[in-house]
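This report concerns only the one structure given below.
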Protein chains: 2
Amino acid sequence: MSQNHRPTIHEVAKVAGVSISSVSRALNGNTSNTEMVERVNDAVRQVGYVPSVVAQSLKTRHTGQIAFAMEDIGNAAYLAMVREIQPTLRDVGYRLLLHSTGADVEDELGVLDSLSQNYVDGLVLCPLRVTERHVAALRDTPVPVVVIGLLPDDVPVDNVRADSRVGAGMAVEHLYEAGARRIGFIDGPVDTVPGHARYEGYRRGLDACGLPFDEELVEFADFQFEGGRHGARSLLARTDVDAILGANDLIAVGALHVLRELGRSVPDDVRVIGMDDTTVAATGFPPMSSVSLGSADRGRIAAQLLLRRLDGDTSPPERVTVPPSLTIRESTL
Amino acid sequence: MSQNHRPTIHEVAKVAGVSISSVSRALNGNTSNTEMVERVNDAVRQVGYVPSVVAQSLKTRHTGQIAFAMEDIGNAAYLAMVREIQPTLRDVGYRLLLHSTGADVEDELGVLDSLSQNYVDGLVLCPLRVTERHVAALRDTPVPVVVIGLLPDDVPVDNVRADSRVGAGMAVEHLYEAGARRIGFIDGPVDTVPGHARYEGYRRGLDACGLPFDEELVEFADFQFEGGRHGARSLLARTDVDAILGANDLIAVGALHVLRELGRSVPDDVRVIGMDDTTVAATGFPPMSSVSLGSADRGRIAAQLLLRRLDGDTSPPERVTVPPSLTIRESTL
DNA sequence: TTGAAAGCGTTACCAC
DNA sequence: GTGGTAACGCTTTCAA
C-alpha cells in the first residue's frame, strides 16, 4: 500500500504544458483539438493520473453510486434481485451500495434519511412495511427512489411489485388440478406484507376451486426452514391434508422434510409447492414445484426505472406489476 | 422527490448567528462551548441541514466506504461472507460497496485499478486466481486491501484463508470412520484454486486412512447442482461406491438426488458429504453433512483486519487461516 | 473560544 | 480554442 502523493489534474497540466481547464476538457471530451487530447493522455499516463471521483462528485453533484436496501441479503428473493441490479447498474457505470437493514424498521428509515447526505444518486428500496414515516420520506426524497413491494397508490415514486396474492392463488389452483382437496397452508407471519398477501391468495384460490376454507388447515411460521418444519408438524398433528402450500420455498422444504419423516410420500400422498422458486426448491427432494414471483425480473426492472429517472425522465411515477408464474417439478406431479 | 436547494453549512451558520467554522466544530465535537453546540443544533434542525459526505470526503480524504469484490454474490460462500462483512462495517459507520466481478479476471483487476479513484477507504477481495498483475497491483494499492483466499507469502497484504485441503481430508476421514471404504469424489474444475486444493485434500485423506487412490472414483464437474448430478451419474455408471464427497454442497446435493433416483439409500448404502455447509446442505434430504470452511468467519475476520488498518495499524501483514470444521447430519450417520 | 481564509480536486464560466 | 478563476461544501489552520 503506497502512501505516495496521488497526482492531481495540476500535475497533468504541468507535464502536458497546458492549463488544468484544458486537461479537464480533454479528459471529458469537450474539445476538438485532437493533438491536445494526445498530449494530455500522454501526460496522464506519464504521471499515473486517476481523477478523484470525490472531487468530481462535489462538482458535478452526482456520485455514480446507487444504493439497494433490503432486510437481509441472505433472503433468496433479495439475492436474486441484487444479482440483476448489480450488473444492470454496473453496465452503465454505477456502483452498487448494499444496505442490509435487518428487521429494524428504524434502520430502513435511517437509509431514507441518509439519502440527504448525497452519497448516492438513487435508491432501490424493498421496505419491510410501509409506515406513515416511509410515505412522508418517500414523498420528499432528495434523489430518485424505486420501491420494490406494495406501496399506496398516492406515493409519487416508481414502484415494482410482485403479485404474491395471485401467486398463492395459482398455487392452490395448481394443487387442486393435481387432485388435491384438502390443501394445507403454512404462511409466514400474517402481519408482514407478503404473509398477508399470500394468506389472501390462498383463500381466493380455495374459493376459485370451490373448496371450503378451514382454519385448521392454516399454520403460521416464520419464513425459515425451521419455521416450515414446526408449522408442518403442528398442521399434520392436527389434521390430515393431501397438499401443502408453503409461503416460501424454505417453509415448503421444511414441510417436505416433515412429510418424509412421517413416511408420507410426496407427491403421491401429499403434494407440496413453495413460493419464490429459489435454489432450495430445485435442490429439494423430490424437486419441488414453486411459484416464481419474478424476483430477478423485479430487480432488473427496478434498476431500469431508476436509471430512467437518473437520465432525467420526469414522467409520472411508474407502477409495474410482475406476474407470477408456476414452475412445476416432481413434488406436485 | 424534491428539487429544493439543500441547505449547506452556511445556512446553518447564518441561522445560528455564528461562523461556519463554529458550526463545523460544534457538529464534530471540537468545541467545549455547550451553549454554542445547542444553538447550532437548533439551527441544524430548523433548516434541516445534513452534511454532504462528498464534501467531507474531499476534505478529510476518507469516504466511509469499503468495497467487497468477489466473483458472484450468488455463490453461497460469498453470500455468507457479505452477511458478516456488512454488519461489521456498518456498526462502525462504513458503507459497503458490492462488486460482483463475474468470472472475468480483467474485471477483478479493474476493481483493483479503480481503487485509485479513491471512492473507498479499503477493499476486501476474493480473487478467482492470483495472477502476476494481481500481485503487482496488491503490492502498491492506494488503500488497504484484505484478500480472502490463497495468496503468495511475499505479497504484503492482510490475508484470510480457508483450508479446504484439510477440509476435504477431514471429510474423507469422517467417511472412513463411518465405515466407507470406496469413497467417490466429485470435484469442481481442477484448474481452480478450490478445485485443486480439494483434490489434494481428498488424496491426503485417503492416504491418512490407508485407502488406495483410484482415479475411477474421481469426477470433475462445475460447482453447481447440475454438475453434481452429471458427475454422480458418470461415477455411478462406471463403478460402485459406498460414499461420495462433493467439492461443495451443490455438487453433493446433486449426487444425493442421483442416488435416490437410483434407489440407493443414504446413508445406509452410500454416505454423502458436501463442503461449505450452506443452506442447501441443511435442507437436503436427508439433511446432509458438510465441511464448514468458515466462510462467515473469514468474512468477519477480513472486515476486522481491514478496520484495524483503517485505524492506522501499521504492523506487518497478517495471515489468518480459518480451520475447517465438520457439521455432521444424517447423510453420513 | 471564535472567525477569516486557505485549501481538498474537480468542472465550467468567462474573458481573451 | 485556451487559460485564469470561481465555485462545489466542507475541515482546519492561523490570528485575533
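Throughout, protein chains are lettered first and strands after them, A, B, ... in sequence-line order, and every chain is numbered starting at 1.
In this structure, B:R298 contributes its side chain and B:L293 its backbone to a donor-acceptor pair below 3.5 Å. Under a 3.5 Å cut-off, the side chain of A:R309 and the backbone N or O of A:V145 do not form any donor-acceptor pair. Judged by distance alone, with hydrogens and angles left aside, the side-chain atoms of B:Q65 form no donor-acceptor pair with the main-chain N or O of B:L97 at under 3.5 Å. Judged by distance alone, the side chain of B:S57 and the main-chain N or O of B:V53 form a donor-acceptor pair under 3.5 Å. Between the side chain of A:T60 and the backbone N or O of A:Q56 there is at least one donor-acceptor pair closer than 3.5 Å.
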What's touching nucleotides 7-9 of chain C from the protein side, N or O pairs under 3.5 Å?
| from | atom 1 | to | atom 2 | distance (Å) |
| --- | --- | --- | --- | --- |
| C:dG7 | N2 | B:K59 | NZ | 3.0 |
| C:dG7 | N3 | B:K59 | NZ | 3.0 |
| C:dC8 | O3' | B:R61 | NH2 | 3.1 |
| C:dG9 | OP1 | B:R61 | NH2 | 2.4 |

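Across B:H99, B:R129, B:H134, B:R133, a single residue satisfies side chain to side chain donor-acceptor pair (under 3.5 Å) together with B:E108, and that is B:H134.
One atom, CG of B:L27, and another, P of D:dG9, lie 16 Å apart when rounded to the nearest Å. Atom CG of A:N118 is separated from atom P of D:dG9 by 9 Å (rounded to the nearest Å). Distance CG (B:N33) to C1' (C:dG3): 14 Å, rounded to an integer number of Å.
A side-chain donor-acceptor contact under 3.5 Å links B:D121 and B:T63. One side chain, B:N159 or B:R161, offers a donor N or O that lies under 3.5 Å from an acceptor on the other.
Two end axes, each from the C1' atoms of five base pairs, can be drawn for the helix from C:dT1-D:dA16 to C:dC16-D:dG1; they diverge by 50°, to 10 degrees.
Within a 6.0 Å sphere centred on CD of A:E35, other residues, nucleotides and ligands contribute more than 12 heavy atoms.
Note that OG of A:S295 is 5.0 Å distant from CG of A:D276, once rounded to the nearest 0.5 Å.
The side chain of A:N30 contributes no N or O atom lying less than 4.0 Å from OP1 or OP2 of C:dT11.
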Working for side chain to side chain donor-acceptor pair (under 3.5 Å), residues B:Y94 and B:T88: CA-CA 9 Å; B:Y94 280 98; B:T88 303; over 6 Å; no
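No engagement by A:S57 is indicated, since no non-hydrogen atom pair under 4.0 Å with the nucleic acid exists.
For DNA chain C, the residues of residues 11-25 of chain A within the heavy-atom distance limit of 4.0 Å (strictly under) are A:I20, A:S21, A:S24, A:R25, sorted by number.
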